[in-house]
Number of protein chains: 2
Amino acid sequence: MTNLTQTLSDQGVTHPDVRRSNLGLALRHLRDHGPRSRATLAADLGMTRSTVSTLVSELIERRLLTDGPLVQNAVGRPSTAVELDGRSVCGIGAEINVNHVSTMALDLRGDVVEERKLALDARSLDAALVLGHLADLVRETVACLDERGASTVGLTVGVAGLYDQTRDVLTHGPNLGWYDVPVGTILRSDLGGTFPVVVDNEGNLAAAAEVSPGDPGRQDILVLHGEIGVGGGIVSGGRLLRGSHGYAGEFGHMIVEPGGRQCGCGRQGCWETVSGLRALLEMAADPDDPIRNPAMALDDRLAEINRRAHLSDARTLQALEDVGVWVGIGAAILANALNPAAIVLTGYYAAVGHHMRSAVERELRAGVLAPDSGGTRVELSTLGFSAAVRGGATASLESVFADPTQVPRRAAVAGAVV
Amino acid sequence: MTNLTQTLSDQGVTHPDVRRSNLGLALRHLRDHGPRSRATLAADLGMTRSTVSTLVSELIERRLLTDGPLVQNAVGRPSTAVELDGRSVCGIGAEINVNHVSTMALDLRGDVVEERKLALDARSLDAALVLGHLADLVRETVACLDERGASTVGLTVGVAGLYDQTRDVLTHGPNLGWYDVPVGTILRSDLGGTFPVVVDNEGNLAAAAEVSPGDPGRQDILVLHGEIGVGGGIVSGGRLLRGSHGYAGEFGHMIVEPGGRQCGCGRQGCWETVSGLRALLEMAADPDDPIRNPAMALDDRLAEINRRAHLSDARTLQALEDVGVWVGIGAAILANALNPAAIVLTGYYAAVGHHMRSAVERELRAGVLAPDSGGTRVELSTLGFSAAVRGGATASLESVFADPTQVPRRAAVAGAVV
DNA sequence: ACTCTTTGTTGGGGCAACGCCCAAACTAAG
DNA sequence: CTTAGTTTGGGCGTTGCCCCAACAAAGAGT
């Protein structure tokens, strides 16, 4: 039996919905399992070849698929592989951080088409001005996509702070110095409403980027994102857990050491006071050490730490060990609650993770109730600091995979002249 | 647009699926919003009256609905309310605990039809024997339901321990002294396979019981279940979060006080060492106090604690305060990670919760990043210690609401003679 | 050249929702 | 008491979309 919806939507299912669902199913299957012929697609999905033929031809009309190369099998008529059309639609992700705004456009296949970044100091500028700069970047990106003949299906923006998705307002953005800013509303009015604009927490989007659709080992994961603060996201059954207001994933302010160090949030013993980048730097270097100079770029600091660790500098290794222990302690708390298949370390954790990993794994084993049978893997992200924008772009594209009919039908263009 | 499935099921949607989905939708709507006429049902679901008529008549043939009383409206023809038929199908929930096995049968409306309980000492008996006793209870319940003309649609069993749902094995049951026991397989072969048998963690089922279907304020909740150990469950978007192996919700072994008290699991500083029932009893009473005598029944101990608290006994109040503080600290950790709309206290927390609540709320406010905007309510469960069996029975019934066609069609019985 | 195998398309049939119509049942007037 | 007005619930034909069966297309092997 095919498992139909248990969503909250309390509307009846009609025939167009069946079509939508099956179009999306075929599209997602090709994304998750790669190009293949109509016949194998039909076999995979348990549908007839005729049905798949009509689905594929509709998706081609909507320019989401293209006929690929002819594949010679051992016997029988050769098959024409169908594959995702990367050139027609793109999703845009964006990020608003203390020292920059940036955008990234991904095509249907997940390949980067465009990337833009503007350095600025969000603290010294008005929120409206910063959002104006971001809107400029987005407009440039959209124009660039138009030139290539690609249409934009959506924009998803990650902000550093607590974003209330029920009210569409950034309620607390201490790093940016923004409070109660209706980011979504402002951007929508600024951009003119030609495509949907969604705003979410940065850590949540970074977590979404780590989900490999179709990989069963990546459906229940916990993403820990380390910078000065520590955040992340929870993915359960392939879906991001947002919580009732969208505030889920604020791991940095779990109190792991009652009465411990003073945190910037005003409390004591928050996890990020012992596992954030500041804790590492203070343990690893004296105050006059260049890596503690705020002027030094983040990438350079981390490269320097890796260099020292590689040279077996005792103090650096000890600092990484100590932070790793705390990361593992916090990870174990969350693993007991969530039982993820993997914990993915991103942000600065990914950069210096090779030297922290064993400590994290040790503490995780020590702190999890059933380490042998519930075994949680520790993995390092390869996405780097662009995880949030990538996750945003992926999220924008997700709506197309859920409902391909939102992309307009066009006459099949036979060899368009460029 | 109606939101169709994004489930992992990678099979195509066919017409019978549409029917299944709409039958389930109508059935759930009547469960969640109460009896109503076909016409209002059609209006609510955005379907035509004729469609709803056929859906309802099919559900009546399957004996899931019945025509209710005629309702006189202000004008026009009076409507016949349709309502859930409580007499035809029942789901059974069961529980395996240290000192008892028990069952509960619920009808479609969620009303208790049958309840059985057998006291035993699981530690001193062989697992197969205990499961045999449980199977007896289940058989008795089924026979009793048969007599009433109700059929059993499923059995869901909660066990105290880590139940690996991917392998269908209870891997760790320290309280029961059970390790690697294939509970599901044993029960299925014992019961003969006339209905599906599912096994899950006790805390997860108790959490499932707290979800009020249709209540938007109960879709993202965190359930904390206190006994000697502390467990619970996470409900996100109305669905239970199970994690990759089904081990999610083991909150009791989160380490909240590194280097703290020794726990039965071998580690130090586990949350249940400071928030479990043992911690409360040890703080509230001397070793020779009757409430610390293991022979005393749990309910009686809690009643005595409530009595003393009501008389303003200083030591009792202080103990409740201290435990409440620790419950709040742990709750805050989880609330930062999960951002639930409500935290529901069950088990012994619910019994003595009136005297702990203010401490819990205070610490929760103190430990959550944005208490004002993300406001998490603290609620006391009213289900008592039967939450797990009730949740099991509810889970068994859930399959009917998801796919009503699994219940066989019968000829419409006109006024059956009893 | 002929058969065998696999692919992709075409036409007919059936299921299920939709739209429209009508009998039924009751209220509110005249 | 009759008549108009309103709402309910079911029957009939239409439409959308998937399934089944048959068939043309395109090679590989003999």
Side-chain angles (χ1 to χ4, degrees), chain A residues 1-2 4-5 11-26 35-61 65-82 403-405 409 412, chain B residues 1-2 4-5 11-26 35-61 65-82 403-405 409 412:
Chain A
M1 173 196 97
T2 302
L4 263 196
T5 181
Q11 289 292 300
V13 177
T14 65
H15 283 131
D17 296 322
V18 173
R19 189 67 171 175
R20 258 194 284 274
S21 176
N22 283 338
L23 288 169
L25 188 68
R36 57 199 54 213
S37 71
R38 291 166 174 80
T40 50
L41 191 57
D44 292 348
L45 301 179
M47 302 161 82
T48 59
R49 293 202 303 276
S50 54
T51 303
V52 170
S53 264
T54 65
L55 290 173
V56 167
S57 64
E58 178 168 346
L59 289 170
I60 289 177
E61 276 181 48
L65 295 181
T66 46
D67 274 323
L70 261 75
V71 179
Q72 228 83 318
N73 293 326
V75 294
R77 174 176 165 179
S79 58
T80 55
V82 237
D403 173 19
T405 62
R409 244 167 152 139
Chain B
M1 171 194 97
T2 301
L4 264 194
T5 183
Q11 290 292 300
V13 177
T14 66
H15 281 131
D17 297 321
V18 173
R19 189 68 173 172
R20 259 193 285 274
S21 175
N22 283 339
L23 288 169
L25 187 68
R36 57 198 54 214
S37 71
R38 293 165 173 81
T40 52
L41 191 57
D44 291 349
L45 301 179
M47 302 162 82
T48 60
R49 291 202 301 275
S50 49
T51 303
V52 169
S53 266
T54 64
L55 290 173
V56 167
S57 64
E58 177 168 347
L59 290 169
I60 288 178
E61 276 182 49
L65 294 181
T66 46
D67 273 324
L70 261 75
V71 179
Q72 228 84 317
N73 293 326
V75 296
R77 171 177 165 180
S79 55
T80 54
V82 215
D403 174 20
T405 63
R409 242 165 155 141

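Only heavy atoms go into these numbers, but all of them, side chains included; no hydrogens, no water, no symmetry mates. So that the names make sense, note that chain A is the first sequence line, chain B the second, and so on, each numbered from 1.
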(request) Measure the spacing between CG of B/Asp17 and NE2 of B/His15 and express it to the nearest 0.5 Å. (result) 10.0 Å
(request) Classify the nucleic acid contact of B/Thr80 as base, sugar-phosphate or nothing, counting any heavy atom under 4.0 Å across all strands shown. (result) sugar-phosphate
(request) For A/Ser50 and for A/His15, find the nucleotide of DNA chain C with the closest heavy atom, then tell me which residue's nucleotide is more 5'. (result) A/Ser50
(message) So A/Ser37, base contact, sugar-phosphate only, or nothing? Heavy-atom distance under 4.0 Å.
(response) sugar-phosphate
(message) With a 4.5 Å cut-off on side-chain heavy atoms, are A/Glu58 and A/Leu23 touching?
(response) yes
Distances for protein N/O vs nucleotides 21-28 of chain C N/O pairs under 3.5 angstrom?
unit_1	atom_1	unit_2	atom_2	d
C/dA24	N3	B/Arg77	NH1	3.3

(request) Quickly work out the B/Leu23 CG to C/dA17 C1' distance and round it to whole Å. (result) 12 Å
(message) Is the shortest side-chain heavy-atom distance between B/Thr54 and B/Arg19 below 4.5 Å?
(response) yes
(message) What's A/Ser79 touching, base or sugar-phosphate or nothing? Going by heavy atoms closer than 4.0 Å.
(response) sugar-phosphate
(request) Verify the contact: side-chain N or O of B/Asn22 to OP1 or OP2 of C/dA16, cut-off strictly under 4.0 Å; return yes or no. (result) no
(message) Please tell me if B/Thr51 has a side-chain N or O lying less than 4.0 Å from either OP1 or OP2 of C/dA17.
(response) no
(request) Check the distance between C/dC18's C1' and B/Leu45's CG and give it to me in whole angstrom. (result) 15 Å
(message) If I take atom CG in residue B/Leu55 and atom C1' in nucleotide C/dC15, what distance separates them, rounded to the nearest angstrom?
(response) 13 Å
(message) Taking the side chain as everything from C-beta on, heavy atoms only, tell me whether A/Leu45 gets closer than 4.5 Å to A/Leu25.
(response) yes
(message) Are the side chains of A/Val71 and A/Pro78 in contact, using a 4.5 Å heavy-atom criterion?
(response) no
(message) Closest approach to the side chain of A/Ala39, judged atom by atom: which nucleotide of C/dA17, C/dC18, C/dT7 is it?
(response) C/dT7
(message) Tell me the interatomic distance from B/Met47, atom CE, to C/dG19, atom C1', rounded to whole angstroms.
(response) 14 Å
(message) Of all nucleotides in DNA chain D that come within under 4.0 Å of a heavy atom of chain A, which is furthest toward the 5' end and which toward the 3' end?
(response) D/dG16 to D/dA28
(request) Using heavy atoms to find the nearest nucleotide of DNA chain D for B/Thr40 and A/Thr54 separately, return the residue whose nucleotide is more 5′. (result) B/Thr40
(message) What is the distance, to the nearest angstrom, from the CG atom on B/Leu41 to the P atom on C/dA17?
(response) 13 Å
(request) Would you indicate whether the side-chain heavy atoms of B/Leu55 and B/Met47 approach each other to under 4.5 Å? (result) yes
(request) Please tell me if the side chains of B/Asp67 and B/Arg38 come closer than 4.5 Å, counting only heavy atoms from C-beta onward. (result) yes
(message) Is the shortest side-chain heavy-atom distance between B/Val52 and B/Arg49 below 4.5 Å?
(response) no
(message) Measuring only between side-chain heavy atoms, which start at C-beta, is A/Val82 closer than 4.5 Å to A/Arg36?
(response) no
